[in-house]
Number of protein chains: 2
Amino acid sequence: MTTARSKSGNPKRDGKAGNLRTEQKAQTRALILQCALEVFAERGFDGASVRDIAGFAGVNHGLIRYHFADKDGLWKAAVEFLFNRLHEEMAAPPEDAKLAPLEQTKSWIRRYVRYCARHPEHARIMVQESIRDSDRLRWAVKRFIKPDNEETRRRFRRLVEEGVYPDIPEHSFNYIITAAAQSMFMLANEMKYIYGLDVASDDVVDAHAEAIITLLFDHRARRAAVRRPKS
Amino acid sequence: MTTARSKSGNPKRDGKAGNLRTEQKAQTRALILQCALEVFAERGFDGASVRDIAGFAGVNHGLIRYHFADKDGLWKAAVEFLFNRLHEEMAAPPEDAKLAPLEQTKSWIRRYVRYCARHPEHARIMVQESIRDSDRLRWAVKRFIKPDNEETRRRFRRLVEEGVYPDIPEHSFNYIITAAAQSMFMLANEMKYIYGLDVASDDVVDAHAEAIITLLFDHRARRAAVRRPKS
DNA sequence: CTAGCTGCTATTCAATTGGATAACCAAATT
DNA sequence: AATTTGGTTATCCAATTGAATAGCAGCTAG
């Protein structure tokens, strides 16, 4: 990867932000954040050096202290960005409201698998942090993960109450579903070496979403599938 | 955690190894390996310092160079130990041979989930390494992961050919199953903070295995379960 | 047009790290 | 008993790291 910033970034005043310097500042901040996401995801909090992140963004490493106080602040800002983007990109389309709960869940799975494929950094960062049991993990759980989780829980409980889903433990449901969606993209490198397969392809992504739905959410389709073995 | 080695470890000659020094040496090596597994799992390759590992084992850090040449050698020795133990502990009991393929697979799932619960270091080490795309990953894939994977593949293909399982992509099957089994234990810290649940309990482990089987391998049980919603 | 604020850079510092070397000393060999 | 071997320790070294500080340059306000 090459450095991401050209010396002559001269944005004039196209945004409504008015002031040239504050606009420039916001841009720089966003750039550092982007690079921090990639580097944190690839090397973990300890493995990522602020110098690498700065170098990758093409800025002086002192700037990180200026914008984010310290490495911890940078990490939290990056994770905050990550979850905000998640919520934006995972918003259900309005027409989903008319669907039955199980169909809504399938739609949610498709969106989530595509999100995982598009942004593998998310799972990579959070898994590494979760393994380490840091203050950062507690912060992220309280602030983002647990609230998001409540939603998944409600979704699951509704399926069970409607009698369209087996009543397994909530936490098992949660980890089975999310891990099934994330893992292939989180472990894209491994998969590359095992299967020689690049996960970038839309076909692979969509087929994976459908596989999850077939195995975990679609009784009828599944029974049909297993009754008609290939050739 | 405290240091793991007492100064007065005096093993006499109880093993058949004969020579006192070589026996002592093997013990020290094994001790370092154990500690390396834990520290590598918790902090990743870069985050783990050989000094921490040595300190944790209660030995001088120079010893690691003597026994394993360098940090890379230590990591590979630890991973080799890890996979050898996996193969030992995952061996199918002889009576499994009489079962139908689907039942064999369920038995395999139960064994694997218990293994993941007993040794969460395994998934933790390998996931972190896979995220980073290192030489070590390529080494481990070629030497351990890919061969193990071939077996899972064969198991899956047999189920499909017998018409008892839907014909999804092999790599999707692989990542869905293994991730479903590993993730809860790999992410035990996160789960602790979200659910206040300790994964150490056998009940949680066995229930998770059964949940996976219900969702992914047991059509009849699943249909029965969804037909009788709780109260 | 000028003064000063501010986004940014250059440099320094102490701590930690992987690795290398030499000395040590108990066990093994003679 | 004397000597060699080899597992272990103590120390040193260069590189990297997070953080801190001082200073610069150009936009902005007056």
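Proteins get letters first, then strands, A, B, ... in listed order; numbering begins at 1 in each.
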In whole Å, I'd like the distance from the [atom1] atom of [X] to the [atom2] atom of [N].
X: A/Lys25; N: C/dC5; atom1: NZ; atom2: P; value: 15 Å
X: B/Asp70; N: C/dT17; atom1: CG; atom2: P; value: 17 Å
X: B/Arg43; N: C/dT17; atom1: CZ; atom2: C1'; value: 13 Å
X: B/Asn60; N: D/dC12; atom1: CG; atom2: C1'; value: 13 Å
X: A/Arg29; N: C/dC8; atom1: CZ; atom2: P; value: 12 Å
X: B/Phe40; N: C/dT17; atom1: CZ; atom2: C1'; value: 13 Å
X: A/Leu63; N: C/dA10; atom1: CG; atom2: P; value: 11 Å
X: B/Asp46; N: C/dT16; atom1: CG; atom2: C1'; value: 14 Å

Going by the angle between their ring planes, with limits at 30° and 60°, are A/Phe173 and A/Phe156 parallel, tilted or perpendicular? parallel

Whether A/Phe45 and A/Phe40 hold their rings parallel, tilted or perpendicular, with breakpoints at 30° and 60°: parallel

Nearest to the [X] side chain among [options], which nucleotide is it?
X: A/Lys71; options: C/dG19, D/dG18, C/dC8; value: D/dG18
X: B/His67; options: C/dG18, D/dT8, C/dG19; value: D/dT8
X: B/Arg51; options: D/dA10, D/dC12, C/dT9; value: D/dC12
X: A/Asp52; options: D/dT8, D/dG18, D/dT17; value: D/dT17
X: B/Gln24; options: C/dA10, C/dG18, D/dT8; value: D/dT8

What I want to check is whether an N or O donor and acceptor connect the side chain of A/His61 with the base of C/dA10 at under 3.5 Å. no

Please confirm whether any donor atom in the side chain of A/Arg65 sits under 3.5 Å from an acceptor in the base of D/dG18, or the reverse.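 In this structure, the two groups form no donor-acceptor pair.
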
Does the side chain of B/Ser49 get closer than 4.0 angstrom to OP1 or OP2 of C/dT16 through an N or O atom? no

Under a plain distance cut-off of 3.5 Å, with no hydrogens placed, do A/Asp96 and A/Ser107 share a side-chain donor-acceptor pair? yes

Set out, in order, the CA-CA distance, both residues' side-chain angles and the distance that settles ring-ring contact (aromatic ring centres under 6.0 Å, His included) for B/Phe83 and B/His122, then state yes or no. CA-CA 8 Å; B/Phe83 275 89; B/His122 190 133; 4.6 Å; yes

Suppose we call two aromatic rings close when their centres sit under 6.0 Å apart. Are B/Tyr115 and B/His119 close by that rule? yes

Base, sugar-phosphate, or nothing for A/Ala48, non-hydrogen atoms under 4.0 angstrom? sugar-phosphate

Considering every strand and a 4.0 Å limit on heavy-atom distances, what is the contact class for B/Ala69: base, sugar-phosphate, or nothing?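 Touches nothing.
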
